[in-house]
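Structure record follows, encoded as C-alpha cells.
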Amino acid sequence: MNKGLNKVMIIGWVDGEPEVRETPNGRSVASFSVATSRTWTSSDGAKHEETEWFNVVAWGNLAEISSKRLGHGKQVYVEGRLQTRSWDDSNGQKHFRTEVIAHELIAMAENNI
C-alpha cells in the first residue's frame, strides 16, 4: 500500500492570544492564528507583499505550552499536518475550515530569523 505525506512547517507571527479550552474529558486544546508574509519584485519592478494566515490547533501539552509561551506578535515555528473539517450552520449552510494540527511548537527568540 502506498502511503501519503501530510506535513506542514511554518514560521510566522501569532495574531492575538491563543484561545485555550478543555474538552468534556478534560483534554486541553488551544487555537490561534499565525501569519506568514513574503515579498517579491515583479518583472515591472513593483514591490509586492502577501500575507497568508494559518489556523493552528494544539492539543494536550502543546496547548498548555502555547498558552504560556505564545502571544500576539510572538514569532513561532509550527510543525504539523493539515486537516479540513466541515459543519452545517443553523441555516443549513456548509462551512469548511482548514487547520494546522500542531505536532511541534517552538517560540522563537526575539532576534532569531
Side-chain angles (χ1 to χ4, degrees):
M1 178 172 150
N2 292 331
K3 293 185 178 182
L5 177 65
N6 180 352
K7 186 170 188 171
V8 140
M9 294 179 281
I10 59 173
I11 296 174
W13 288 265
V14 177
D15 180 42
E17 302 298 318
E19 178 187 321
V20 181
R21 58 194 182 285
E22 283 193 8
T23 64
N25 66 0
R27 190 168 182 211
S28 297
V29 59
S31 301
F32 56 95
S33 295
V34 174
T36 63
S37 295
R38 70 182 190 103
T39 57
W40 73 96
T41 303
S42 59
S43 59
D44 64 359
K47 294 199 180 274
H48 302 274
E49 183 173 1
E50 177 180 85
T51 300
E52 188 72 34
W53 292 90
F54 296 89
N55 301 305
V56 179
V57 177
W59 290 90
N61 191 42
L62 284 181
E64 295 168 21
I65 290 169
S66 70
S67 71
K68 294 175 186 167
R69 303 279 317 272
L70 300 180
H72 180 75
K74 185 78 172 177
Q75 193 173 36
V76 64
Y77 167 82
V78 180
E79 186 174 317
R81 64 181 171 84
L82 290 178
Q83 177 177 297
T84 301
R85 59 186 176 94
S86 66
W87 69 95
D88 295 327
D89 66 17
S90 58
N91 296 326
Q93 174 105 19
K94 191 162 234 17
H95 296 266
F96 295 91
R97 182 177 175 108
T98 300
E99 300 166 322
V100 177
I101 307 302
H103 297 157
E104 185 172 346
L105 294 171
I106 300 172
M108 307 299 288
E110 299 300 322
N111 57 359
N112 278 3
I113 300 185

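In what follows, residues are counted from 1 in the order of the sequence shown.
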Over all atoms of both residues, closest heavy-atom pair of Val14 and Gly71
CB-O, 3.3 Å

Determine whether a donor-acceptor pair (N or O, by modelled atom type, separation under 3.5 Å) exists between the side chain of Asn91 and the backbone of Gln93.
no

Check the pair Glu50 / Ser37 against side chain to side chain contact (heavy atoms under 4.5 Å, CB included), numbers first and verdict last.
CA-CA 6 Å; Glu50 177 180 85; Ser37 295; over 6 Å; no

Modelled atom types, side-chain donor and acceptor of Ser42 and His48, under 3.5 Å:
yes

Looking at Phe96 and Trp87, what are the two nearest heavy atoms and their distance?
C-CZ3, 4.2 Å

In plain terms, say whether Glu99 and Arg97 are close enough for a salt bridge, that is, a side-chain N and a carboxylate O under 4.0 Å apart.
yes

Indicate, with yes or no, if Ile11 and Val100 share a hydrophobic cluster defined by side-chain heavy-atom contacts under 4.5 Å among Ile, Leu, Val, Met, Phe, Trp and Tyr.
no

Indicate, with yes or no, if Val78 and Phe54 share a hydrophobic cluster defined by side-chain heavy-atom contacts under 4.5 Å among Ile, Leu, Val, Met, Phe, Trp and Tyr.
yes

Trp13 vs Val76, test: side chain to side chain contact (heavy atoms under 4.5 Å, CB included). Steps then yes/no.
CA-CA 6 Å; Trp13 288 265; Val76 64; over 6 Å; no

Any donor and acceptor pair, going by atom type alone, linking the side chain of Asp15 with main-chain N or O of Ser33 inside 3.5 Å?
no

What's the shortest heavy-atom distance between Ala58 and Ala63, and which atoms?
O-CB, 3.3 Å

Is it true that Leu70 and Ile10 fall in one hydrophobic cluster, defined by side-chain heavy atoms closer than 4.5 Å?
yes

Only counting residues at least two apart or in another chain, list the ones meeting salt bridge (charged side-chain N to carboxylate O under 4.0 Å, His left out) with Lys7.
Glu79

Please determine, by modelled atom types, if His95 and Asp88 share a side-chain donor-acceptor pair under 3.5 angstrom.
no

When you look at Val34 and Tyr77, which way does the side chain to side chain contact (heavy atoms under 4.5 Å, CB included) test go after all the steps?
CA-CA 10 Å; Val34 174; Tyr77 167 82; over 6 Å; no

Just by distance, no angles: are the side chains of Gln83 and Arg81 close enough, under 3.5 Å, to form a donor-acceptor pair?
yes

Between side-chain atoms of residues 17-29 and protein atoms elsewhere (two or more places apart, or another chain), which donor-acceptor pairs fall under 3.5 Å?
from: Glu17; atom 1: OE2; to: His72; atom 2: N; distance (Å): 3.3
from: Arg21; atom 1: NH1; to: Ser31; atom 2: OG; distance (Å): 3.4
from: Thr23; atom 1: OG1; to: Asn25; atom 2: OD1; distance (Å): 2.3
from: Thr23; atom 1: OG1; to: Arg27; atom 2: N; distance (Å): 3.1
from: Thr23; atom 1: OG1; to: Arg27; atom 2: O; distance (Å): 3.4
from: Asn25; atom 1: OD1; to: Arg27; atom 2: N; distance (Å): 3.3
from: Ser28; atom 1: OG; to: Glu64; atom 2: OE2; distance (Å): 3.4

Quick check: are there more than 12 heavy atoms from other residues, nucleotides or ligands sitting under 6.0 Å from CG of Asn2?
no

Say whether Met108 and Met9 are linked into one hydrophobic cluster, either directly or through other cluster members, by side-chain heavy-atom distances under 4.5 angstrom.
yes

Can you give me the closest heavy-atom contact between Ala102 and Leu105, atom names plus distance?
CB-CD2, 4.0 Å

For Lys47, look at atom NZ and say whether over 12 heavy atoms of other residues, nucleotides or ligands are found less than 6.0 Å away.
no

Whether over 12 other heavy atoms sit under 6.0 Å from Arg69 CZ:
no

How far apart are the C-alpha atoms of Ile101 and Trp59, what are their side-chain angles, what is the distance that settles it, and do they pass the side chain to side chain contact (heavy atoms under 4.5 Å, CB included) test?
CA-CA 8 Å; Ile101 307 302; Trp59 290 90; 4.3 Å; yes

